[in-house]
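Have a look at the structure below, then the notes.
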Amino acid sequence: MTPVNIAFCINDNYVEQLIVVLWSIMKNLTTGRDVNVWIVSSDMSDASKNYLRKLRLGFKNLYLNFLDIDAKELAQLPRTIDYISAETYYRYLLPNLLPNVDKILYMDADIVVNGDISPLYDTDLANCYIAGADDSYIAAINHKPQIGLDNSELYVNAGVLLMNLKQMRTDNIPQKLIDTTKNMASKVKYQDQDIINIVCRGKILEFDSIYNYTSHNILKEKSKYKHAVVIHYTGKNKPWMSTCRNPMRKMWRQYARRAKKMVTRKIHVALLIDEFFGGAGTAFGGYGALARKYIAKYIPNDDIEMDVLLGAGGHRFRSRKYHVDNVNLYRLPRRHWASRQFLRRKNYDIYLSIELTTDWVLRHEPDTTKKLILWIQDPRPKYEWDEIETMTLMPEPNYYNQNIYDLVNELYHDGRVRFVSQGYFLNQKAIDLYKLDPDVEIQYMPNPVELDSEFNVEKYKKKNMIIFLGRLEDVKRGWLFCETAKRVPEYEFYVLGKINTHKANTAAFWKQYQNIPNLHFAGHVDGDVKNQFLKDAKILVNTSIHEALPVSFLEALSYGCTLVSNRNPDSLTEKFGIWIGDVLGNGFESIDLYADAVRKLMTDDKLRSKLAQAGRKYVEQVHNIPRFVRDMRNVIYQEL
């Protein structure tokens with residue numbers, strides 16, 4: 001079955017009414033055919049668009065397309081009816097706005113649908129420009145002769161029009177409508193409706209008034225009252241107004257209550273992550289910090305609720321529930337059927353994952369239409385592991401998992417995954433890892449950072465401190481920071497990170513650095529303590545053999561702390577510090593490069609201050625929380 005194409009031209013004030021129309025259309029569609037809706041507006045807000053998108057919670061075959069236009073020329077056209085907005089003229093542009101659509105059903109928003117519109121949409125237009133229902137009110141007031149039409153000619157109500165966009169494009173009807181409106185401005189009474197009937201004269205097909213049953217039809221065609229499919233509340237008093245006396249006002253209000261119930265229910269998002277920054281006994285990692293401090297904290301609102309799914313737990317039949325920071329966390333049962341039952345009961349609307357570290361949840365989701373938003377944070381194709389494995393002092397456990405990457409590829413080819421990325425430089429790695437098409441759409445979604453609005457990067461008096469922020473294990477190569485401290489004894493070095501005490505050899509290794517006078521181990525720090533270190537420090541040194549775009553970089557820059565690193569994600573290190581170049585292996589031969597970079601920034605205060613101010617400004621502009629919240633919520637709504 002071909003899709004039904006529908007267009008509305010409204011302003012932001014008519015969103016509530018549009019929801020009622022759309023809900024009534026979808027509720028009464030007797031076939032499973034797709035419905036493509038184009039909403040043309042010049043002022044619709046993101047909030048309104050997202051509100052409308054919530055209709056997708058109930059109607060998966062409804063597709064909403066928003067056309068934001070700047071119609072200055074149309075805004076100057078005359079309006080002779082005070083309660084009709086300038087958007088009424090936007091329908092003139094539909095043939096050109098939708099160059100790949102040949103037929104569309106245009107509808108006003110003061111309508112409710114109480115039957116299947118498929119028979120109307122399937123009407124054969126032949127070579128006619130439009131089809132519409134005879135406007136009996138116009139005939140009753142003898143209006144046609146006033147605009148040059150015969151009383152015997154068809155004059156249709158323009159609130160519901162089946163439009164032959166292909167033929168209208170061929171004959172340049174959009175421009176003729178605009179020109180005629182300008183030329184006849186003083187002669188027309190019903191503005192664009194008059195013009196449409198004049199320009200399309202002789203090429204208008206009539207359809208039954210049950211598909212545009214106006215307030216006048218209710219009085220003159222009472223026999224069709226029970227059979228009306230499209231009820232059009234013409235006139236100044238609308239059914240959402242207390243002054244409305246239309247006998248069919250109750251029908252609109254019933255549909256409005258049902259539609260409201262759907263769009264006011266919350267979107268249930270499942271965040272897939274294996275750590276929650278210490279919550280529920282999980283690790284303190286970058287993914288977990290992003291999940292706990294930003295996603296779970298800021299994304300939920302009146303429209304969105306979120307659970308965190310930590311993968312499979314220890315019990316075979318029961319899930320394990322935790323409650324952290326007003327968020328519910330779950331470990332799923334280990335038995336396959338039990339996990340499927342858990343997910344069936346929860347019935348999440350959409351999944352969101354920071355990378356994808358386990359496929360347990362998605363493999364057990366019973367609804368194979370559910371979508372995944374995959375936030376690319378640190379994709380590691382095999383060539384990345386080849387670099388990591390040049391390090392032999394503390395080998396990083398290799399967690400390359402082809403099964404997970406194959407699942408993402410499968411979801412991608414099924415149209416079930418939306419990619420967003422924290423860094424442009426990660427996109428090619430994701431394409432390689434997941435075997436995506438080279439032109440795959442990947443939206444930039446920068447990591448957010450909590451900004452201290454009272455911190456003044458120009459006036460704050462920093463100390464001669466250099467910091468390392470990260471776990472003291474494996475890929476981070478913290479020993480290079482310690483060796484740098486030995487080479488630069490004139491400054492104080494602070495290690496902000498926890499030693500992995502679960503590995504005896506790891507704990508023993510770090511003892512050799514415990515007695516260096518200018519090197520201090522602060523352990524795991526967070527909150528105000530960590531922020532104070534970032535305020536006071538002049539340099540953050542990162543020595544990892546592998547990094548994506550560390551949150552620690554952004555946190556440091558937000559406090560005017562410059563960077564020294566062998567990693568240069570999206571060129572941030574060279575823009576706001578010193579990039580010493582790639583350092584593979586254990587890295588001991590490169591200690592002087594770190595030491596020289598530290599000395600340069602510490603001794604050239606003018607350069608360091610300039611880089612610090614630029615770094616703070618960059619974070620303010622790109623990594624602010626309002627931008628992140630807006631963009632992430634928009635992606636969630638769009639993917640519904």
Side-chain angles (χ1 to χ4, degrees), residues 57 265-301 303-375 377-378 397 399-401 403-408 411 416-417 471 473-474 498 500-503 524 526-527 551 632 636:
L57 293 171
R265 92 160 174 87
K266 289 195 173 187
I267 299 166
H268 206 178
V269 178
L271 175 60
L272 307 181
I273 193 74
D274 62 355
E275 58 183 55
F276 201 62
F277 207 64
T282 60
F284 290 90
Y287 287 6
L290 185 58
R292 182 173 180 176
K293 296 182 177 182
Y294 296 101
I295 299 177
K297 180 178 180 180
Y298 289 106
I299 298 304
N301 62 358
D303 283 341
I304 298 172
E305 61 182 345
M306 184 174 291
D307 288 345
V308 176
L309 304 187
L310 300 169
H315 200 281
R316 289 186 298 169
F317 304 108
R318 294 196 303 272
S319 61
R320 178 78 182 272
K321 181 179 179 180
Y322 309 85
H323 196 69
V324 180
D325 297 344
N326 296 317
V327 178
N328 290 328
L329 287 69
Y330 296 92
R331 295 191 187 276
L332 275 63
R334 297 207 70 85
R335 291 295 293 268
H336 298 289
W337 68 266
S339 278
R340 281 193 292 271
Q341 284 297 105
F342 171 87
L343 294 171
R344 184 174 285 109
R345 288 194 304 271
K346 285 293 184 180
N347 192 27
Y348 295 109
D349 293 306
I350 197 164
Y351 290 100
L352 167 63
S353 182
I354 305 172
E355 287 300 343
L356 192 63
T357 56
T358 173
D359 59 353
W360 183 265
V361 174
L362 293 176
R363 292 286 188 194
H364 291 88
E365 170 54 58
D367 185 344
T368 57
T369 67
K370 295 287 176 69
K371 287 191 174 184
L372 167 70
I373 299 167
L374 184 57
W375 196 358
Q377 287 282 322
D378 186 10
Y399 52 78
Y400 185 92
N401 189 327
N403 290 333
I404 291 177
Y405 313 142
D406 288 344
L407 173 61
V408 173
L411 295 174
R416 292 177 55 198
V417 61
R471 301 185 308 274
E473 58 180 38
D474 309 335
K498 186 178 180 182
N500 189 342
T501 56
H502 299 295
K503 297 181 181 179
H524 172 74
D526 198 21
V551 173
M632 183 58 82
I636 290 171

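Quick caveat: nothing in here was measured; it's all calculated off a predicted structure.
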At what distance, to the nearest 0.5 angstrom, does [atom1] of [X] lie from [atom2] of [Y]?
{"X": "Glu275", "Y": "Thr357", "atom1": "CD", "atom2": "OG1", "value": "8.0 Å"}
{"X": "Met632", "Y": "Trp375", "atom1": "CE", "atom2": "CH2", "value": "4.5 Å"}
{"X": "Thr282", "Y": "Tyr287", "atom1": "OG1", "atom2": "OH", "value": "14.5 Å"}
{"X": "Trp360", "Y": "Leu343", "atom1": "CH2", "atom2": "CG", "value": "10.5 Å"}
{"X": "Gln377", "Y": "Ser353", "atom1": "CD", "atom2": "OG", "value": "10.0 Å"}
{"X": "Lys371", "Y": "Ile373", "atom1": "NZ", "atom2": "CD1", "value": "9.5 Å"}

Could you check Arg471 against Lys498 for side-chain contact (heavy atoms from CB on, under 4.5 Å), going step by step and ending with a plain yes or no? CA-CA 5 Å; Arg471 301 185 308 274; Lys498 186 178 180 182; 5.8 Å; no
For His268, give me all partners under side-chain contact (heavy atoms from CB on, under 4.5 Å), at least two apart in sequence or on another chain. Glu305, Asp307, Lys346, Tyr348, Asp349
Residues forming a side-chain contact (heavy atoms from CB on, under 4.5 Å) with Lys297, sequence neighbours excluded: Glu450
Heavy atoms of other groups near Arg320 CZ, more than 12 under 6.0 Å: no
When you look at CZ of Arg318, are more than 12 heavy atoms from neighbouring residues, nucleotides or ligands closer to it than 6.0 Å? no
Where [X] and [Y] come nearest, the two heavy atoms and their spacing:
{"X": "Pro333", "Y": "Arg316", "value": "CB-O, 3.4 Å"}
{"X": "Met306", "Y": "Val327", "value": "O-CG1, 3.9 Å"}
{"X": "Thr358", "Y": "Gly311", "value": "CG2-CA, 4.4 Å"}
{"X": "Arg292", "Y": "Gly279", "value": "NH1-N, 3.4 Å"}
{"X": "Tyr322", "Y": "Arg331", "value": "OH-NE, 3.4 Å"}

Quick check: do [X] and [Y] have side-chain heavy atoms less than 4.5 Å from each other?
{"X": "Leu309", "Y": "Tyr351", "result": "yes"}
{"X": "Ile304", "Y": "Asn301", "result": "yes"}
{"X": "Ile267", "Y": "Leu57", "result": "yes"}

Could you walk me through whether Asp526 and Lys293 pass side-chain contact (heavy atoms from CB on, under 4.5 Å), step by step? CA-CA 11 Å; Asp526 198 21; Lys293 296 182 177 182; 2.6 Å; yes
Should the ring pair His315 and Phe317 be called parallel, tilted or perpendicular, given that the plane angle runs from 0 to 90° and is split at 30 and 60? perpendicular
Tell me whether the centres of the aromatic rings in His524 and Phe277 are closer together than 6.0 Å. yes
Criterion ring-ring contact (aromatic ring centres under 6.0 Å, His included) on Phe342 and Tyr330, from CA distance to verdict: CA-CA 10 Å; Phe342 171 87; Tyr330 296 92; 5.3 Å; yes
Please check this pair: side chain of Arg416 against backbone of Lys370, looking for a donor-acceptor N/O pair closer than 3.5 Å. yes
Out of Thr368, Leu356, Leu374, Val417, which residue meets the side chain to side chain contact (heavy atoms under 4.5 Å, CB included) rule with Leu411? Val417
Test Val269 against every option in Leu352, Ile299, Ile295 by the side chain to side chain contact (heavy atoms under 4.5 Å, CB included) rule and name the one that passes. Leu352
